[in-house]
Amino acid sequence: MSEADQDRLKEEQRVEQVVAEIKRQIGGLQEHVTEISADIVGIRKHFWDDVTVNFEDATEAAETYASIKQQAEVLSERERVHRHAHNQLRTLKRLVQSPYFGRIDFREETEPKADPIYLGIASLLDEREEQFLVYDWRAPISSLYYDYAPGPAVYETPSGTVSGEITCKRQYVIRDGKLLHLFDTGVTIGDELLQEVLGKHADSQMKSIVATIQRDQNRIIRNERSRLVIVSGAAGSGKTSAALQRIAYLLYRYRKTLRAEQIVLFSPNSLFNSYISTVLPELGEENMQQTTFQDYAEHRLGSTFSLEHPLAQMEYVLTAMEENGYAGRLEGIRIKTSPRFMRAIDDYAALLKEKGIQFRPITFRDRVIIRAERIREQFYAMDPSISIPNRMALLARWLLGELKKQERLERNKPWVEDELELLDKDAFVAAYQELRRQNQFREDTFNDFDREQELLAAKIVKKQFQPLRQFVRELAFIDAAATYRQLFSDSELAHAVFCAAERPPMWDEICRQTLERLDHHELTYEDTPPFLYLLEKLEGFQTNNIVRHVFIDEAQDYSPFQFALLQRLFPRAKMTVLGDWNQAIYAHAYQSSSFEAVASLYEPEQTETFVLTKSYRSTEPIVTFTRQLVPGGESIEPFHRAGRKPSVTIVADSDRLTEKIAAKIKELQADGHQAIAVITKTAAEAQEAYERLRDKLEIRMIGTKAISYETGALIIPSYLAKGVEFDAVLIYDASSERYQLENERKLFYTACTRAMHELHLYSVGAISPFLSTVTEDSYELIP
């Protein structure tokens, strides 16, 4: 038997031993979980049998409370132990399928020989719990596997730097507890393992990449020092995957002080949230909070305005070119998402310190009891050196005092007598008992009834005034909508916040459209962030001091307002932003880099930027094709994975287009592809494609309200497919009629880069001019 065969045999035996140990631990843990479950059921069933309940006097009540508390604590502790054991069991069941994926033999400089270190998705101790059979990929020593080839190496631990030498680096493919492949490598992750992982079919949910993390990705994942981490990466470079592994690493590294609910991920849409929802649970961690900026805006403004969804704005920009006011709306989007408009709002807020804030009157029973003019006078009578939010707090305190005065005046109004007559007997009994407690009944007086009436009248008025007090506490007396509206209705203000040279083009048309929507209580997507920004300038920024880490995916689509709002919303959090400037598909995004906007909010020494240029998602022919679609695409490096060249098929009409696409989908399905996407430019085009294809094969349409998707054949708009990947992509109509404007180039690029294994473009008539930059040998032309 050769040395290589002996080595493989030893590795196979070790896998069998480790799997046997995992199975032993699973068996013991299952018995433990069953026992704890029985304990919990028993405690719940007999909870009140073990509690002494007696409320006859204060002492007995205190003992009853203590008894209930003790029993509840016992139950809570058993439930906590059960959750922990259940999570351990879930991790072990994953480990038994593939206990580890890598190994390094590391010799510390003070030691005579190297120790083998095996890496997996979780740590595993031997039967005596003395030695690690498997190290968690997030452990400090595991960073050696991702960062170094055999030779000198160092890694950081909480107690300092450890130096030494890697004498062996090996990778494994273990499935169902069996060793399938092993290979030694001199690079971070061998191409063999990447080929094995990347060659798989797409799934309905993103998978963990811990076995294939590259060195650059590992630096992102383990970065602990930077306040702001910016990840600029090409399509398919692993930005989102690295971010999710970073979350898993942080939860492991700071497991005593950091919880999953202290991490928030802002993603592009609900579909994307579903797509990534299983990554952290696969690694044995709870999911972080997931939301979108639109969800946050709805929470803050949804009761006041009808908010436009960002995808609705996108659909308008792509389809409404012939509508009146289109040019003005497009210019408005660019202006209202620009750094210059943010400075304009800052300047406007400075002017509002002196005059101009609009207030709502306070009304009660259809009567104005505190006029808006009086509120305004009181506000501007305060020291102007005090900030607006602090003055608003003082104003609210004054208004609460005024409401107390109004309450006393209301008690003798006729409506109160009417309310008194409608009260039932229980209300009078309660009033009588309260007066007795206050010792206000005297046997020698004749006005007990009057005192009852006074007390009840006070209660009635107080209850009726409660919404007004809440109105004041919530600062609802500020008319933020009218104050924002004023910026567009008052021409003098425009001159004050924009110098003559910076006055936006088409400003009058922008103002007209804005005022029209505000009058209908509508807020466009481009108006939402600046309105929120102005609102916070007036009320004071709401802050969340619990969240410690904020992740923003698809950050190229965020405006300076959005970054500023999120930074102030989470003042104690570190921020990780990820994006690709080549996928900046929103109308505002191609005017300036969003990364510059977020970087300006932090000190340079607090910021670290990573650039990922290698694309792993698509085959080499697909990346070679797609990188020619965008300026600067030559910097994108394809991973060397073979595949078919993209195809371009030109057809005469829509009927022929339908036939060709239906035939191609069936062919792809026969070849074993599971996730096949027909990507259209817009939702309207998706509906058209669905109507044409639904009778020819089984296919589903993914709309803007979708929250998840399954594998199979589907139709999806380009902007909704961003962030997701498919085995094969069919561009529904890549004609010059559909894609011709330069501001649609990145949308076209984004759609094409969703393909993992095959990309096919169809065109009714002449192909898009975007392909003029692509060399003819990069694709197959099918007439």
Side-chain angles (χ1 to χ4, degrees), residues 240 243 263-277 287-318 329 332-333 336-337 341-342 480-481 484 514 517-518 520-536 541-542 544 547 550-570 573 575 577-579 583-589 594 597-598 682-683 702-709 716-724 747 750:
T240 301
I263 302 175
V264 177
L265 169 65
F266 282 85
S267 60
N269 52 58
S270 299
L271 183 68
F272 184 83
N273 284 343
S274 169
Y275 180 62
I276 65 172
S277 62
N287 258 326
M288 66 278 141
Q289 297 186 66
Q290 292 174 246
T291 188
T292 65
F293 187 86
Q294 185 70 9
D295 290 337
Y296 166 66
E298 287 284 355
H299 170 70
R300 293 284 281 117
L301 302 174
S303 61
T304 307
F305 292 101
S306 173
L307 300 183
E308 181 186 42
H309 196 278
L311 298 181
Q313 185 207 67
M314 173 68 70
E315 189 74 8
Y316 173 87
V317 169
L318 295 175
R329 172 80 193 275
I333 292 172
K336 292 173 182 176
T337 54
F341 195 65
M342 188 169 166
Y484 185 69
T514 305
R517 292 189 181 91
L518 289 174
H520 289 88
H521 303 285
E522 297 172 357
L523 212 56
T524 61
Y525 183 59
E526 64 268 21
D527 274 304
T528 300
F531 181 85
L532 275 169
Y533 187 75
L534 177 63
L535 181 64
E536 304 289 17
F541 281 88
Q542 295 189 7
N544 181 319
V547 169
V550 173
F551 287 74
I552 303 175
D553 208 350
E554 304 295 348
Q556 72 276 357
D557 295 331
Y558 278 59
S559 72
F561 284 108
Q562 290 170 297
F563 285 122
L565 285 165
L566 294 180
Q567 186 210 32
R568 288 166 171 81
L569 178 61
F570 304 106
M575 190 175 287
V577 301
L578 313 105
Q583 296 182 69
I585 63 175
Y586 282 89
H588 66 268
S594 57
V598 67
T682 65
I702 303 295
T704 55
K705 295 183 180 179
I707 57 173
S708 65
Y709 78 92
I716 187 170
S718 54
Y719 48 79
L720 202 56
K722 187 164 62 167
V724 188
L747 186 72
T750 300

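Quick caveat: nothing in here was measured; it's all calculated off a predicted structure.
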Next item on the list: Answer with yes or no whether the side chains of S267 and N273 bring together a donor and an acceptor at under 3.5 Å.
Entry: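 Distance-only check passes for N273 and S267.
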Next item on the list: Please determine, by modelled atom types, if Y586 and Q313 share a side-chain donor-acceptor pair under 3.5 angstrom.
Entry: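 No, Q313 and Y586 have no side-chain donor paired with an acceptor closer than 3.5 Å.
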Kindly give the heavy-atom pair with the smallest separation between [X] and [Y], and that separation in Å.
X: M342; Y: A564; result: CE-CB, 3.3 Å
X: S274; Y: S277; result: O-OG, 2.8 Å
X: L720; Y: G703; result: CD2-O, 3.0 Å
X: T337; Y: E526; result: CG2-CB, 4.3 Å

How long is the straight-line distance from [atom2] of [Y] back to [atom1] of [X], given to the nearest 0.5 Å?
X: I276; Y: F272; atom1: CD1; atom2: CZ; result: 4.5 Å
X: T682; Y: L311; atom1: OG1; atom2: CG; result: 12.0 Å
X: T240; Y: D553; atom1: OG1; atom2: CG; result: 3.5 Å
X: I552; Y: M575; atom1: CD1; atom2: CE; result: 4.5 Å
X: F305; Y: H520; atom1: CZ; atom2: NE2; result: 13.5 Å
X: L532; Y: L565; atom1: CG; atom2: CG; result: 6.0 Å

Next item on the list: Could you tell me which residues satisfy side-chain contact (heavy atoms from CB on, under 4.5 Å) with R517, sequence neighbours excluded, listed by chain and number?
Entry: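 Result, side-chain contact (heavy atoms from CB on, under 4.5 Å) vs R517: R329, Q513, E522, T524.
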Checklist line | Residues in side-chain contact (heavy atoms from CB on, under 4.5 Å) contact with A721, at least two apart in sequence or another chain | finding: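 So A721 forms a side-chain contact (heavy atoms from CB on, under 4.5 Å) with I679, I716, F726, R754.
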Given side chains that start at C-beta, do those of [X] and [Y] come closer than 4.5 Å, heavy atoms only?
X: I333; Y: Y525; answer: no
X: P310; Y: Q294; answer: yes
X: L569; Y: F541; answer: no
X: Q542; Y: R568; answer: no
X: F293; Y: P529; answer: yes
X: V577; Y: F563; answer: yes
X: I263; Y: V547; answer: no

Backbone of [Y] reached by a side-chain donor or acceptor of [X] within 3.5 Å:
X: Q290; Y: L265; result: no
X: E554; Y: K722; result: no
X: E315; Y: A683; result: yes

For [X], all residues meeting ring-ring contact (aromatic ring centres under 6.0 Å, His included), sequence neighbours excluded:
X: F266; answer: none
X: F551; answer: none
X: Y533; answer: F561
X: F570; answer: none

Next item on the list: Apply side chain to side chain donor-acceptor pair (under 3.5 Å) to Q567 and list each qualifying residue two or more places apart in sequence or on a separate chain.
Entry: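 Partners of Q567 by the side chain to side chain donor-acceptor pair (under 3.5 Å) criterion come out as none, since no residue qualifies.
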Margin query: Tell me every residue that passes side chain to side chain donor-acceptor pair (under 3.5 Å) with K336, counting only those two or more places apart in sequence or in another chain.
Written below: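 K336 satisfies side chain to side chain donor-acceptor pair (under 3.5 Å) with T514, D527 only.
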Check: Under the salt bridge (Lys or Arg N to Asp or Glu O under 4.0 Å) rule, what pairs show up with a residue in residues 288-301, not counting sequence neighbours?
Finding: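 For residues 288-301, and leaving out neighbouring residues, the salt bridge (Lys or Arg N to Asp or Glu O under 4.0 Å) pairs sorted by first residue read R300-E536.
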Checklist line | Residue of the set T750, N269, V317, L318 for which side-chain contact (heavy atoms from CB on, under 4.5 Å) holds with Y719 | finding: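 One option only clears the test, and that one is L318.
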